[in-house]
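Counting starts at 1 for both ligands and their atoms, in listed order. As a basis for the values below, the full set of heavy atoms in this structure was taken, side chains included, without hydrogen atoms, waters or symmetry mates.
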Amino acid sequence: MSETAKSRAAALPHLRRGGFAMGDSIPLPLTMAAIFHAPGDATGFNQYGRFSNPTWDAVEHMLSHLEDAPCVGFPSGMAAISAAFFAVLKAGDHILLPSDGYHTTRALADRFLKPLGVTYDVRPTSTFLDGGFDGYRLAFVETPANPGLDICDIAAVAEAVHKAGALLVVDNTTMTPFGQRPLDHGADIVVAADTKAPNGHSDVLFGHVASRNADIIAAVTGWREVSGSIPGPFEAWLVHRGLETLDVRFDRMCSSAEVIARRLQGHRAITGLRYPGLEGDPSHNLARAQMERFGFLISFELASEQKAEDFINNCSLMQAATSFGGVHTSAERRLKRGDAVPAGFVRLSVGCEPVEELWKAIEASLGRISG
Ligand SMILES: Cc1ncc(COP(=O)(O)O)c(C=O)c1O
């Protein structure tokens, strides 16, 4: 971790310190309120729960600290992605999406943007620069892409996208701001599902939009207020608590993933292993250049659907579950969710278990399917 990332991590649990009055609670109080005391002209104060909430403010403060940019919280990652699209796009716009990123983003464009006159193309993440960006209003990348873990060069894409007069949005869900900060590489907007590692306990959905462009933040905040796509205060409170330990969990998860990916290399049951931290991985050089860590996701292929199911279901330290980034190691066959991958393709999310114990469980389960 760089020195700046370390100092961001150190300051994170102390952000509220400056505002304390004698006797205040050090942990964040939860404000469950639809209405606030607002006599006369209450401009600048909390008035109504769709406009503002002190618990949102606290979690957004933490996210802003990590992104070094204003952030707006949403009730899920998809709500954040929707907000970014609806806040900046209009009929007649043409956008570019990754063909190998999270499938629901393409579903959003197909089912809800297209009928409103916003058309889209798709392109693979690894060759996202090829073909240029003329004619597009917005390009959207996910890097590393979920689930194939291909990477694109954010700075190079940002430069080319800006030359074409378009905006670059980066979905940073797989990395978190501790692993990569796309705004520092020139992206205009970051969207993320804090449902994953930032909350980390798999008990809440949340998302955020970050941007250093004040007009974009105003538009996204306006979208939240008018559409009513607001986070619940309790969910915001849980994410606030999760963020306090993100640095520790992310560090453990990435370090363990590096060990496990290395040991999976060459295992006779596995083909198509992908992990950006492996020297031979097609994403490795770019990952070294633009990411602080290599992440906690590993993908690979087992010989059949049955072998993949058996591997996941019979591993004692693995949850068979969709999603990723939680404290529990989990895995899923991504064909189940409609990704364009073989039946035996597995996305593994390395959790916080001690790595040697976790490896023993993974090795034993792989041994059973390859015996
Ligand atoms: C890369 C990526 N972006 C966005 C999302 C959407 O997040 P949420 O489920 O919180 O709406 C996901 C969910 O898996 C994801 O993997």
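Those atoms of ligand 1 with a heavy atom of F324 less than 4.0 angstrom away are 16 (O). Close approach to E142 involves these atoms of ligand 1, each under 4.0 Å from a residue heavy atom: 1 (C). Listed by atom number, the atoms of ligand 1 under 4.0 Å from D171 heavy atoms are 1 (C), 2 (C), 3 (N), 4 (C). Near K196, meaning under 4.0 Å from any of its heavy atoms, are these atoms of ligand 1: 12 (C), 13 (C), 14 (O).
If you run side chain to side chain contact (heavy atoms under 4.5 Å, CB included) between L243 and each of L238, N199, T176, L66, only L66 comes through.
Looking at M78 next to ligand 1, an N or O pair under 3.5 Å apart turns up.
If you check which protein heavy atom lies closest to atom 10 (O) of ligand 1, you get T195 OG1, 2.6 Å. Of the protein's heavy atoms, Y102 CE2, 3.5 Å lies nearest to atom 6 (C) of ligand 1. Nearest protein heavy-atom neighbour of atom 9 (O) of ligand 1: L205 CD2, 3.9 Å. Looking only at protein heavy atoms, the nearest one to atom 7 (O) of ligand 1 is A193 CB, 3.2 Å. At the top of the distance list for atom 8 (P) of ligand 1, counting protein heavy atoms only, stands G77 N, 3.4 Å. Regarding atom 16 (O) of ligand 1, its nearest protein heavy-atom neighbour is N146 ND2, 2.9 Å.
Remark: aromatic rings of F45 and H37 are distant, center separation not under 6.0 Å. Ring pair F140/F85: centre-to-centre distance below 6.0 Å.
Within the 3.5 Å criterion, the main-chain N or O of V355 finds no donor-acceptor partner in the side chain of S256.
D247 and K6 are not joined by a salt bridge, as no carboxylate oxygen comes within less than 4.0 angstrom of a charged side-chain nitrogen.
Surrounding CD of E159 are at most 12 heavy atoms belonging to other residues, nucleotides or ligands under 6.0 Å away.
For the ligand labelled ligand 1, residue T174 lies outside the 4.0 Å heavy-atom shell.
A cation-pi arrangement, defined by a distance under 6.0 Å to the six-membered ring centre and an angle within 45 degrees of its axis, is present between R123 and F133.
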| request: Quick one: do T125 and D100 satisfy side-chain hydrogen bond (donor to acceptor under 3.5 Å, both in side chains)? Show the steps, please. | output: CA-CA 7 Å; T125 300; D100 50 345; 2.6 Å; yes

